[in-house]
There are 2 protein chains.
Amino acid sequence: MQNCKTCIIRSKAANTLNPNELTILMESCAETTFNPKESIIKEGTLSSHVAYLKSGLAMVSKKGVKGIDQILKIIKPGNYIGLQTVLFEKINQFSVTALEKCVVCFIDNQSFKELISRNTQFANELLIFLCREELTYFDRFVNIHQKQINGRMADIILFFSEEIYNHATSFNIPLSRSDMAAFICTTRESITRAINDLSKTNSIRVSRKKFEILNPEMLKKISEKG
Amino acid sequence: MQNCKTCIIRSKAANTLNPNELTILMESCAETTFNPKESIIKEGTLSSHVAYLKSGLAMVSKKGVKGIDQILKIIKPGNYIGLQTVLFEKINQFSVTALEKCVVCFIDNQSFKELISRNTQFANELLIFLCREELTYFDRFVNIHQKQINGRMADIILFFSEEIYNHATSFNIPLSRSDMAAFICTTRESITRAINDLSKTNSIRVSRKKFEILNPEMLKKISEKG
DNA sequence: TTATCTTTTTGATATATATCACATATGTAA
DNA sequence: TTACATATGTGATATATATCAAAAAGATAA
């Protein structure tokens with residue numbers, strides 16, 4: 001059992017809870033640590049808990065008709081995982097896998113639902129969270145289809161720089177080339193070639209998983225022109 | 001002003017409201033009729049209302065980097081449009097266009113938010129609605145990328161048959177060939193060819209916008225094998 | 001009706017990217 | 001260290017689909 005009252009990485013939603021409600025959360029919350037590549041949630045299994053990512057990065061993926069896994073999104077600390085299933089479906093519709101060492105809190109479905117009905121602010125924060133996500137998908141959906149591979153590769157790099165690493169210019173992307181391919185709907189080989197192309201423009205420097213942005217303007221231009 | 005108390009196509013969420021709350025809804029609700037191709041919500045404008053589709057079909061679309069509109073989803077009666085923007089963004093991130101004669105209720109943002117905070121069941125129904133949508137996108141995202149055009153064309157036809165027209169085998173699809181292309185991320189010309197291919201297998205018969213499913217099993221097989 | 005505009009169809013061609021096959025590098029366990 | 005597994009890189013080739021161009025069919029208005 002966790003002490004949610006003193007948790008410093010509490011969600012915006014959890015911050016709306018009063019002491020009583022925090023006790024409910026606390027008593028139904030269990031913390032687990034995952035190593036890289038370990039499965040946090042597995043597609044097709046019964047869903048019994050909401051997960052909350054306290055630290056580390058994780059990815060959400062889903063199997064397609066070809067049996068190939070597609071990465072739907074990367075999750076960063078401070079976000080709920082699997083809200084969809086808790087509230088609506090009983091079977092997990094996607095897998096979640098740790099990309100790094102991850103600390104995850106699992107909250108019992110029933111208690112989570114109780115918090116939603118007890119506290120409208122809590123529900124409201126969740127609504128806002130889901131709405132924000134939906135808009136992100138819209139963007140992603142349109143981008144993936146209208147940009148070609150170099151543009152999409154630039155997007156991965158900008159995404160990790162801006163969204164994940166707080167505008168850092170040098171960072172590690174904890175994805176294999178195959179993972180990146182699954183993220184932007186292409187192949188391992190095309191990722192290699194895209195990285196080569198971008199490197200030739202001197203907008204980035206890459207060595208294995210280490211990415212360095214040399215010319216952000218040019219990278220953004222490549223991202224936009226497709 | 002509408003009489004929401006006697007409205008027979010009330011949303012599941014609105015059904016959770018008590019008489020007082022229904023009065024709030026009623027007093028901030030205005031009904032408008034749209035003709036086919038008329039714009040219900042325009043991307044880039046300020047959002048001031050939630051829309052609720054009482055009758056007719058509408059489509060949600062978004063401009064991509066190439067300036068080409070991509071159709072994100074088709075909306076059928078009994079669904080809210082633009083929840084995302086009301087709760088989170090101020091600027092409309094997408095356009096909504098009537099595909100047929102549509103009756104739409106516009107509910108003032110403030111009142112809508114008030115209903116969410118007053119009634120947890122109302123909020124809960126909205127949460128469930130958003131969760132269901134998210135899962136639908138996941139599916140769509142993966143399908144669009146792993147299936148080739150004939151499979152995706154089969155999906156459009158099955159979608160209208162099953163989701164929109166209650167498993168009818170003969171129906172009109174109120175989309176132009178270009179719209180269909182924007183829906184499954186391809187081109188007008190490829191849609192024509194896909195329809196030809198499917199017709200040659202005798203699984204469908206098409207004349208202009210009228211689609212007839214002759215062999216549902218075969219159509220599903222085409223949808224699945226990609 | 002004819003004239004004009006828009007949408008759809010059809011064929012020829014171009015092209016971005018997937019696929020395949022193999023080489024090379026990297027990581028890991030004995 | 002060696003041996004083996006896994007991940008990545010590279011070149012050659014295939015292919016699904018986009019693009020282009022022009023014809024045909026429908027829709028609309030005078």
Side-chain angles (χ1 to χ4, degrees), chain A residues 35-37 59 64-71 97 99 142-156 172-200 204-211 222-223 225-226, chain B residues 35-37 64-71 97 99 142-157 172-200 204-211 222-223 225-226:
Chain A
N35 287 319
K37 297 196 185 178
M59 66 178 185
V65 277
K66 283 190 191 166
I68 303 168
D69 259 51
Q70 208 83 43
I71 299 182
T97 312
L99 291 171
V142 171
N143 277 336
I144 291 273
H145 281 286
Q146 299 204 355
K147 289 182 183 179
Q148 42 196 70
I149 292 181
N150 289 355
R152 274 144 55 194
M153 186 70 228
D155 282 347
I156 294 187
N172 267 34
I173 297 186
L175 295 172
S176 69
R177 300 296 192 250
S178 302
D179 289 338
M180 290 181 195
F183 193 31
I184 59 165
C185 307
T186 180
T187 57
R188 182 178 60 81
E189 294 95 328
S190 293
I191 291 285
T192 301
R193 286 184 249 263
I195 291 175
N196 276 349
D197 287 353
L198 296 191
S199 298
K200 274 183 209 140
I204 55 167
R205 177 157 48 207
V206 182
S207 137
R208 296 203 47 65
K209 289 188 163 48
K210 196 193 164 210
F211 285 72
I222 294 170
S223 152
K225 83 151 205 63
Chain B
N35 287 319
K37 299 193 183 180
V65 276
K66 283 189 191 166
I68 303 169
D69 260 51
Q70 207 83 44
I71 298 182
T97 312
L99 291 172
V142 171
N143 276 335
I144 292 273
H145 281 286
Q146 299 204 355
K147 290 183 183 179
Q148 43 195 73
I149 292 181
N150 289 356
R152 273 141 59 192
M153 187 69 228
D155 282 348
I156 294 187
I157 300 168
N172 267 35
I173 297 186
L175 296 173
S176 70
R177 301 297 191 248
S178 303
D179 289 339
M180 291 182 194
F183 193 31
I184 58 165
C185 306
T186 179
T187 58
R188 188 172 54 79
E189 294 95 325
S190 293
I191 290 285
T192 300
R193 286 184 249 264
I195 291 176
N196 275 350
D197 287 352
L198 296 191
S199 298
K200 274 183 207 141
I204 56 166
R205 178 160 45 210
V206 181
S207 138
R208 294 205 47 66
K209 290 189 163 48
K210 197 193 164 209
F211 286 71
I222 294 170
S223 152
K225 84 152 205 63

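- Not counting sequence neighbours, A:Asn172 has no partner by the side-chain hydrogen bond (donor to acceptor under 3.5 Å, both in side chains) test.
- Using five terminal pairs a side, the axes of the helix from C:dT1-D:dA30 to C:dA30-D:dT1 at its two ends make an angle of 40°, given in steps of 10 degrees.
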Note to self: Using a 4.0 Å heavy-atom cut-off to protein, can you give one letter per nucleotide of nucleotides 9-19 of chain D, 5' to 3': B if the base is in contact, S if only the sugar-phosphate is, - if neither?
What the structure shows: BBBB---SSSB

Side-chain donor-acceptor distances from residues 184-195 of chain A under 3.5 Å, at least two apart:
unit_1	atom_1	unit_2	atom_2	d
A:Thr187	OG1	A:Ser190	N	3.3
A:Thr187	OG1	A:Ser190	OG	3.1
A:Thr192	OG1	A:Arg188	O	3.4

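- Under the side-chain hydrogen bond (donor to acceptor under 3.5 Å, both in side chains) criterion, B:Asn143 pairs with no residue at all, not counting sequence neighbours.
- Partners of B:Lys225 by side-chain contact (heavy atoms from CB on, under 4.5 Å), not counting sequence neighbours: none found.
- Phosphate contact (OP1/OP2 of C:dT7, side-chain N/O of B:Lys209, threshold under 4.0 Å): absent.
- Identified under the salt bridge (Lys or Arg N to Asp or Glu O under 4.0 Å) test for residues 142-152 of chain B, with sequence neighbours left out: B:Lys147-B:Asp155.
- Partners of A:Asp69 according to the salt bridge (charged side-chain N to carboxylate O under 4.0 Å, His left out) rule, which considers only residues two or more places apart in sequence or in another chain, are A:Lys63.
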Next item on the list: Decide yes or no on side chain to side chain contact (heavy atoms under 4.5 Å, CB included) for B:Asp197 and B:Ile149, but give the supporting numbers first.
Entry: CA-CA 10 Å; B:Asp197 287 352; B:Ile149 292 181; over 6 Å; no

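- Taking A:Ser176 as the reference, A:Asp179 meet the side-chain hydrogen bond (donor to acceptor under 3.5 Å, both in side chains) condition, with sequence neighbours excluded.
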